[in-house]
Amino acid sequence: MEKVVEEEEWKRTRTSSSSSLQTATARMGRGVELSDFQRGTVVGCHLCKKSNREISALLNLPASTISSVILKWKRGGITTALPRSGRPHKLKEQDRQVLERVAMEKCLPSIEALTAEFHTASGANVSTTTIRRELHEMGFRGRVSSYSKPEGGQKVAKKPGSPDQEDEKVDVSRLDLRVGRIITAVQLLDTDSLYVEQIDVGEASPRTVISELAKHVSWAQMQDRMVVVLCNLKPVKTRGMMNQAVIMCASSPEKMEILDPPSGAEPGDRITIQGFPGEPDRELNPKKRVWEEVQPDLRTDSRCVATYKGAAFEVVGKGMCKSQTLSDCEIK
């Protein structure tokens, strides 16, 4: 009986949230930007295998707006609205798609060579300045010759005499722990345990995170929530999506609780542990098993404070990270 009541409450909450979103959308003027929450909801629905037409009907948004949000997310993982210069695009959307294909498929030595190749492929005639600006808005950075290479594919030369960080002592300082804010969370279809979230961790665009929390945390409690996020595990594909981070939780055999950052913490704030200074790895090497060595020493203490070897997780000047009720439990 309790389970039926919980399910009905969840449906009412979800329906209410959707209705509020539709009402807010209906009041928007033609030129008003979507909020981060609305954009995140569009991407969340897309990840749940809903068609653009279904999303448009559900959220009462134009199909062209839905397509634009999803295309921007596919290109650069961006759901936030970027600042506008007030100047319209000189390229049509079809030409922008041609430019993106040329940039990805052709390993060209310069922006001038890329521009010439684009002119040949599209028939459009624009300056190298326009091409550079369009590529920048699509999320392309760095040298033109590296656009077709996978992220992280280039080797970085080591400075003479600088120690290899992977050979240093393994402790919690190697973990990139940050404060995050869940922009939106959606339960994956055909699962009873998985959420897919869009989480702001202080970067240009939110990260996609897949968490096995649906059996422990209600959908309503996941919305617009501050969390502690591990950001430098190697991304892995889960259910066809790249899982780009991990929400840190206190865990017992019976339940899991999301760790709460201190009051006043903001997305992107670094979480440090006193007595363990150092900069985190850019990405943890799975072969070095840093996470596997550090994790057994992550626990909540008797006051529910998150700790590593007894030293508290804290945001400097703002306070400590805690679970709600789980004391003397592992953190994972």
Stepwise, does the side-chain contact (heavy atoms from CB on, under 4.5 Å) test hold for V209 with V196?
CA-CA 6 Å; V209 180; V196 56; over 6 Å; no
For residues [X] and [Y], determine if any side-chain heavy atom of one lies less than 4.5 Å from a side-chain heavy atom of the other.
{"X": "E266", "Y": "V179", "result": "no"}
{"X": "R53", "Y": "S56", "result": "no"}
{"X": "I66", "Y": "H46", "result": "no"}
{"X": "I111", "Y": "L135", "result": "yes"}
{"X": "E314", "Y": "T272", "result": "yes"}
{"X": "Q198", "Y": "L47", "result": "yes"}
{"X": "M248", "Y": "V227", "result": "no"}
{"X": "L61", "Y": "I55", "result": "no"}

Within the distance-only criterion (no hydrogens, no angle test), does the side chain of [X] pair as donor or acceptor with the backbone N or O of [Y] below 3.5 angstrom?
{"X": "T238", "Y": "M241", "value": "no"}
{"X": "E197", "Y": "V186", "value": "no"}
{"X": "R303", "Y": "K322", "value": "no"}
{"X": "T300", "Y": "L326", "value": "yes"}
{"X": "Q187", "Y": "T191", "value": "yes"}
{"X": "E134", "Y": "I131", "value": "no"}
{"X": "W219", "Y": "A185", "value": "yes"}
{"X": "T307", "Y": "R299", "value": "yes"}
{"X": "E257", "Y": "T325", "value": "yes"}
{"X": "E54", "Y": "S51", "value": "yes"}

Whether the [X] and [Y] side chains hold a donor-acceptor pair (N or O, under 3.5 Å, no angle test) is what I'd like checked.
{"X": "S68", "Y": "T65", "answer": "no"}
{"X": "Q38", "Y": "T41", "answer": "no"}
{"X": "E279", "Y": "S173", "answer": "no"}

So, using side chain to side chain donor-acceptor pair (under 3.5 Å) as the criterion, who are the partners of N52 when residues are at least two apart?
S67
Decide, yes or no, whether a salt bridge links D269 with K318 under the criterion of side-chain N to carboxylate O below 4.0 Å.
yes
Closer than 4.0 angstrom, basic N to acidic O: yes or no for R207 and E203?
yes
Could you pull out the closest heavy-atom pair between [X] and [Y], with the gap in Å?
{"X": "L298", "Y": "Y308", "answer": "CD2-CD1, 3.6 Å"}
{"X": "A124", "Y": "H119", "answer": "O-CD2, 3.1 Å"}
{"X": "Y195", "Y": "V217", "answer": "OH-O, 2.6 Å"}
{"X": "C231", "Y": "A245", "answer": "CA-CB, 4.4 Å"}
{"X": "S302", "Y": "D328", "answer": "N-OD1, 3.6 Å"}
{"X": "Q244", "Y": "P206", "answer": "OE1-O, 4.4 Å"}

Show me the pairs that pass ring-ring contact (aromatic ring centres under 6.0 Å, His included) and involve residues 246-268, at least two apart or across chains.
none
ring-ring contact (aromatic ring centres under 6.0 Å, His included) partners of residues 313-332, not counting sequence neighbours, each pair once
none
With a cutoff of under 4.5 Å between side-chain heavy atoms, which Ile, Leu, Val, Met, Phe, Trp and Tyr residues group with M320?
V305
Are V236 and I210 linked, directly or through intermediate hydrophobic residues, by side-chain heavy-atom contacts shorter than 4.5 Å (ILVMFWY only)?
no
Evaluation steps, side-chain contact (heavy atoms from CB on, under 4.5 Å), between Q223 and T184:
CA-CA 6 Å; Q223 309 304 314; T184 185; 4.0 Å; yes
Under 6.0 Å from the [atom1] atom of [X], do we count more than 12 heavy atoms belonging to anything else shown?
{"X": "E112", "atom1": "CD", "result": "yes"}
{"X": "E212", "atom1": "CD", "result": "no"}
{"X": "R289", "atom1": "CZ", "result": "no"}

Can you measure from NZ (K50) to SG (C45) and round to the nearest 0.5 angstrom?
6.5 Å
Suppose the criterion is side-chain hydrogen bond (donor to acceptor under 3.5 Å, both in side chains): which pairs have a residue in residues 224-233, not counting sequence neighbours?
R181-D224, R225-D260
From the list S211, C249, S323, side chain to side chain contact (heavy atoms under 4.5 Å, CB included) with I258 holds only for C249
Run the side chain to side chain donor-acceptor pair (under 3.5 Å) check on Q221 and S218 step by step: do they pass?
CA-CA 5 Å; Q221 291 174 323; S218 72; 3.3 Å; yes
Residue pair V228, I247: steps toward the side-chain contact (heavy atoms from CB on, under 4.5 Å) verdict
CA-CA 6 Å; V228 176; I247 296 175; over 6 Å; no
Intermediate values then yes/no, side-chain contact (heavy atoms from CB on, under 4.5 Å), H216 and E254:
CA-CA 9 Å; H216 304 280; E254 295 80 24; over 6 Å; no
Checking D200 now: which residues fulfil salt bridge (Lys or Arg N to Asp or Glu O under 4.0 Å) with it, not counting sequence neighbours?
none
